[in-house]
Q: 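Can you keep this structure in mind? I'll have questions shortly.
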Amino acid sequence: MAKKSKNTENIEEVVESLNPVEVPVAEETVKAETDGSVVSAKDSTLDQTVSAVKTDAAIFNRQGVDVDIVKERKKQKILHISKNVFVYAFLTVCAVLAFLPFYWMIISSVKTEMEFREPNPTFFPHTFKWKNYAAVLTQTSSSTSGSFWQILINTLTVGLISTSIGVIVTIVTAYALAKMNFKGKNLLFGLMMATMMIPGEMYTITNYLTISSWHWNNSFTVLILPFLVSVYYVYLLRNNFMQIPNSLYQAAKVDGLSDMGYLVKVMVPLTAPTLISITLLKFIGTWNSYIWPRLVNSPNWQMITNWVTRGFVDRGGELYGGFYSPSEPLNTLKMAAVCMVSLPLFILFICCRKYIMHGVSKSGTKG
Amino acid sequence: MADKKEKPEVGEVKKEEVAEKKPASSAKTATTKSTAAKPAAKTAASKSTAAKSATKTTESKSAEKKPTAAKPAAKTTATAKSAAKPAAKTTAAKSMAAKPAAKTTAAKSTAAKPAAKSVTKSSAKKPAAAKPDEVKPVAEPEIVEEIKPVAQPETVEEVKPVAETPAPEAIVPDTVQPEQPVLPVTEVKEEPAKQTIMQKTAGAFKTAGAKTKAACVSAASTVKGWFVKGKPVEATVSEGDVNAEMKTVLSGSNLSTKERIIRFCRSQTGWLFVLPAVVLMCIFTLYPIFNAFIRAFMENYMPTNKAHPFDGWGFENFVRVLKGDTGMGGANFWQCLLNTFIVTIISVPLSILIALLIAVALSSIKAVRKAYQTILFLPYLTNALAMGAVFATFFQIIGTKSNTETIGMVNNFLGWFGISPIDWLNPNMHAWGSGTVKVYWASYLVAIIYDVWAGLPFKILILFSALQSVNKQYYDAAKIDGASRSKVLWKITAPMISPMLSYLFITGIMGGMKSYSSIVGLFGEQMGRDFNMGTVVGYIYQYIDKGQTGYAFAGSLLLFVIIMIITAISNYVSKKRVTYT
């Protein structure tokens, strides 16, 4: 009941704040109103309710309300401020926790290894060792991994080609599924949707066997072709295309535009934000691919995430003068490598934040 | 419509302009008719292909004639308009070559729609320029016509014949067409010289009424023809008709087989568009699925041994995998399954809960929201391997706590509470149970923390947009009804975002069961000392590396079945609990 009275009090307050003239109302009439609306006078079992309502009515009394309004307003203000403080504090804590690994990654990459291994980890390095980056960049290719530049070229090539061709194929496929009528269209679309549910690992083994039998190992085509078409993006783009009204198509037909011309000149500009999002997400997906390159390619042909998993050692003692043995993986070097792998994606994010977030929320996938 | 009655002159003037505007704004095939259409419109008795403008003028004038309410008038306009299309169709069919006729018919009828729309705008503009106070009554009837959905299916239907005819044949109608409108116009021209204006209008009304009736009848018979099965009626050839051959080709029942095939192939151009995707999918997606199903049942599959690739068909692969003893060393299937299952079932709901709290907090502040959103979205872009390595450094123990060795940040933090250091990344050190299948709770915690952190931005984004998309009217209604905050939360907010919650839950579980990169990033390629901490996917890849593809196929099939079961359960639960608007 107390809660109820509070709510009704708030509404009363609001109404009164709107009403500039305060008319004094007799206590009895107010009581009579509330009695009549809440409970019947003859019902004896609800006496408790009646008495509670009577206390409410007492509060509704003009004199009581004047004092309580000011108190109520103060209380509401305090509640509002404390709510805001609490929310901001919570969000700040979450943001700090979300950002902490990045911060740790960046400062660890410029620490010395000794400082990294101190018993009490420091949050700001005493000394900056920029040579970590040089050491990581100049690591030559070994049996388990290629050199950084080779791997970078691999990744960029595969990323650009896969993204461009993949987006074109996606556009054309989605357009055909959305606007054109051909026999078996629904069956094809249903089949594509069904493959979304199946875990990718079921394809991987057979694809590996297929590719081995075709001798596509150690090349770029094997990294590009199998994953050119992503059904998620076809589905997303098809939905976007279906939202464009048919009358545009008919007007274009009247002007003598072919199907392909309509696609290029009308549809693509209209759905440009979604297309940009798909492009970005595809590129991020190829950048992050790990399993497939490890399976089918030798270390020189692998991608940048494969390169990160190698152990970085201090060869020849150039960093620490032989303090660490040549086979001991150094954590700071690994952090420097991780920094370099993550850096391009950050730059991409800063430039195109809006499109990436828009694409993620629409497509609902990670690519 | 009542206003229209008062000013018939404006209506007439407007109709002339309408008649002008319509051919002018439609396709170039119709431009040749515009000059013919003008005098035709004036007399309003033409039988030319500007019959549409004629029916339009006549129908609105007939509406003036009958002072009924706007609705029946709109109905006649709509039916007359829809009738104009089959009327135009049949009239064109009677007189033209087959393909150019189809194109012009479609072009005209498709021109009718954009023409109607442009007419609305032009007629709305023109009277506004001429007499500003008559915009409203003039614009109304056309707008009413537009809204009527009756006309819609016709245009969709006519897209098909347009798709059939290739573009180069567009030249033909331009040359052939002008013949047709010339003939009837010459007939009509003789009349107006001898009649008074009153007689002209009376005659116009009569012919308009007759035309409307004829159009309605032909429309009705066309609609009837859609539903009445039977041999298609051949178009009758009237005497003296110049292009008699065209009709027989159009009716479609006497095409040769070759022409039928050509026509069918032309209509399936969509397949050309999807060809690359279909080919790639067949090779890399559909074939592997069948292959996986078949190969999983081949025992002792050895592709290198061409003579005797496999022993026989049987369940031995599955039996060996499920027993946990494949005789090859390596992970235990049940251990991997337990790892995956526990990590997923804890991290996904926890992640959704935290994401919901953060989304609610984000939607209740306005000031610095974008900055918070950006920072909270950062974990999405990271690579599982890279960030796994970073998380590993939090938990890593290098040696013992001394001057040159560290025990990791988390252990230091726990040391403040007096808890002895825990070797997080070594699963065997802290485990419950003592059989072959143990519960590595310390390592599970590490994996859960990483999964929650990495899955957060995506969920925050989706839940935030779901919260924003709840209709504000519900909250206003709740305020008016005096609902408390918990009631608002449980009765309004939760049902409205429940579709998104269920989607996140299902995809989260499906993704969690397939996790692999995060475990490799955290625990290294060996996944914690001889694949103790492996996942089901890690199990599959381990056997691929060893070359025993039979067990890998069996494992992947088992994974597929498990994911299907979990998805089916989630679907069933969500059907009961989720409210879809």
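Order of the sequence lines fixes the chain letters, A, B, ..., with proteins taken first and strands second; residue numbering starts at 1 for each chain. Note that this is a predicted model, so its numbers are computed, not measured.
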Q: Shortest non-hydrogen contact from B/Val390 to A/Pro101?
A: CG1-O, 3.6 Å

Q: Measuring heavy-atom distances to chain A, does B/Tyr541 have an atom under 4.5 Å in its side chain, in its backbone, in both, or in neither?
A: side chain

Q: For chain B, which candidate among A/Phe102, A/Phe99, A/Phe90, A/Phe86 shows the most heavy-atom pairs at distances under 4.5 Å?
A: A/Phe102

Q: Taking it one step at a time, do B/Met564 and B/Met510 satisfy side-chain contact (heavy atoms from CB on, under 4.5 Å)?
A: CA-CA 9 Å; B/Met564 282 290 122; B/Met510 281 171 69; over 6 Å; no

Q: Based on non-hydrogen pairs under 4.5 Å, which of B/Leu559, B/Val537, B/Ile563 is most in contact with chain A?
A: B/Val537

Q: So which residue, A/Val229, A/Leu345, A/Asn207, ends up with the most heavy-atom pairs under 4.5 Å with chain B?
A: A/Asn207

Q: Show your working on side-chain contact (heavy atoms from CB on, under 4.5 Å) between B/Phe293 and B/Phe560 and close with a plain yes or no.
A: CA-CA 11 Å; B/Phe293 271 102; B/Phe560 173 58; 3.9 Å; yes

Q: Do you know which of A/Leu263, A/Val308, A/Ile198, A/Leu228 has the most heavy-atom pairs under 4.5 Å to chain B?
A: A/Ile198

Q: Once the angle between the rings of A/Trp214 and B/Phe284 is folded into 0 to 90°, is it parallel (under 30°), tilted (30 to 60°) or perpendicular (over 60°)?
A: perpendicular

Q: Can you tell which part of B/Val278 gets under 4.5 Å to a heavy atom of chain A, answering side chain, backbone, both or neither?
A: side chain

Q: Output the option from A/Asn84, A/Thr210, A/Leu188 having the highest count of non-hydrogen pairs under 4.5 Å with chain B.
A: A/Leu188

Q: Counting only heavy atoms not in A/Lys354, do more than 12 fall under 6.0 Å of its NZ?
A: no

Q: What part of A/Thr92 is in contact with chain B, defined as an atom under 4.5 angstrom from a non-hydrogen atom: side chain, backbone, both or neither?
A: both

Q: If you take all heavy atoms of A/Lys179 and A/Asn246, which pair is closest and at what distance?
A: NZ-OD1, 3.8 Å

Q: Is B/Leu272 close to chain A through its backbone or its side chain, or both, or neither, when contacts mean heavy atoms under 4.5 Å?
A: neither

Q: Evaluate the side-chain contact (heavy atoms from CB on, under 4.5 Å) criterion for residues B/Leu376 and A/Cys94: first the C-alpha distance (whole Å), next the side-chain angles of each, then the deciding distance (0.1 Å), finally the verdict.
A: CA-CA 8 Å; B/Leu376 287 166; A/Cys94 286; 4.3 Å; yes

Q: Give, as side chain, backbone, both or neither, the part of B/Leu280 having an atom under 4.5 angstrom from any heavy atom of chain A.
A: side chain

Q: Calculate, to the nearest 0.5 Å, the distance between atoms CG and OG1 belonging to A/Asn331 and B/Thr393 respectively.
A: 7.5 Å

Q: Is it the backbone or the side chain of B/Ile358 that comes under 4.5 Å from a heavy atom of chain A, or both, or neither?
A: both

Q: Which atoms of B/Trp271 come close to chain A, meaning under 4.5 Å heavy atom to heavy atom: side chain ones, backbone ones, both, or neither?
A: both

Q: So which of B/Leu456, B/Thr567, B/Leu362 has the biggest tally of heavy-atom pairs under 4.5 Å with chain A?
A: B/Leu362

Q: Let me know if B/Met513 has heavy atoms under 4.5 Å from chain A in its side chain, its backbone, both or neither.
A: neither

Q: Could you report the tightest heavy-atom contact between B/Tyr450 and B/Ala384, atom names first, then the distance?
A: OH-CA, 3.2 Å

Q: Below 4.5 Å from any heavy atom of chain B, which atoms of A/Leu91 appear? Answer side chain, backbone, both or neither.
A: both

Q: Report the C-alpha separation of B/Leu461 and B/Tyr380 in whole Å, then their side-chain angles, then the decisive distance to 0.1 Å, and conclude whether the side-chain contact (heavy atoms from CB on, under 4.5 Å) test is met.
A: CA-CA 10 Å; B/Leu461 195 64; B/Tyr380 183 80; over 6 Å; no

Q: Locate the shortest heavy-atom distance separating A/Ile211 from A/Pro226; write the atom from each residue and the value.
A: CD1-CG, 4.2 Å

Q: Would you mind checking which part of B/Val360 comes under 4.5 Å of any heavy atom in chain A, side chain (CB onward), backbone (N, CA, C, O), both or neither?
A: neither

Q: Any heavy-atom pair between the side chains of B/Lys459 and B/Ile462 that's under 4.5 Å?
A: no

Q: For the candidates A/Tyr175, A/Phe227, A/Tyr290, A/Trp287, which exhibits the highest count of non-hydrogen atom pairs separated by less than 4.5 Å from chain B?
A: A/Tyr290

Q: Taking side chain as everything from C-beta outward and backbone as N, CA, C, O, which of these in B/Leu357 sits under 4.5 Å from a heavy atom of chain A? Side chain, backbone, both or neither.
A: both

Q: Quick one: of A/Ile350, A/Thr170, A/Thr305, A/Val341, who has the most non-hydrogen atom pairs under 4.5 Å with chain B?
A: A/Thr305

Q: Quick one: pull up OG1 in B/Thr374 and CZ in B/Arg369 and give me the separation to the nearest 0.5 Å.
A: 12.5 Å

Q: Is chain B contacted by the side chain of A/Lys183, its backbone, both, or neither, given a heavy-atom distance below 4.5 Å?
A: both

Q: Please classify the contact of A/Met202 with chain B as side chain, backbone, both or neither, using a heavy-atom distance under 4.5 Å.
A: both

Q: Using only atom types and a distance under 3.5 Å, with no angle test, would you say the side chain of A/Lys185 pairs donor to acceptor with the backbone of A/Met180?
A: yes

Q: Any cation-pi pair here, A/Arg238 with A/Phe189, using under 6.0 Å and within 45°?
A: yes

Q: Does any backbone or side-chain atom of B/Tyr372 lie under 4.5 Å from a heavy atom of chain A? Answer side chain, backbone, both or neither.
A: side chain

Q: Contact part of A/Val172 toward chain B, heavy-atom cut-off under 4.5 Å: side chain, backbone, both or neither?
A: both

Q: Tell me, side chain or backbone of A/Phe123 under 4.5 Å from chain B's heavy atoms, or both, or neither?
A: side chain

Q: For chain A, which of B/Leu385, B/Asn291, B/Ile540 has the most heavy-atom pairs under 4.5 Å?
A: B/Leu385

Q: Under 6.0 Å between ring centres: does that hold for A/Trp292 and B/Tyr516?
A: no

Q: Return the option, out of B/Ile354, B/Ile375, B/Val520, B/Ile365, with the maximum number of heavy-atom pairs under 4.5 Å with chain A.
A: B/Ile365

Q: Please classify the contact between B/Ile283 and chain A as side chain, backbone, both or neither, with a heavy-atom cut-off of under 4.5 Å.
A: both

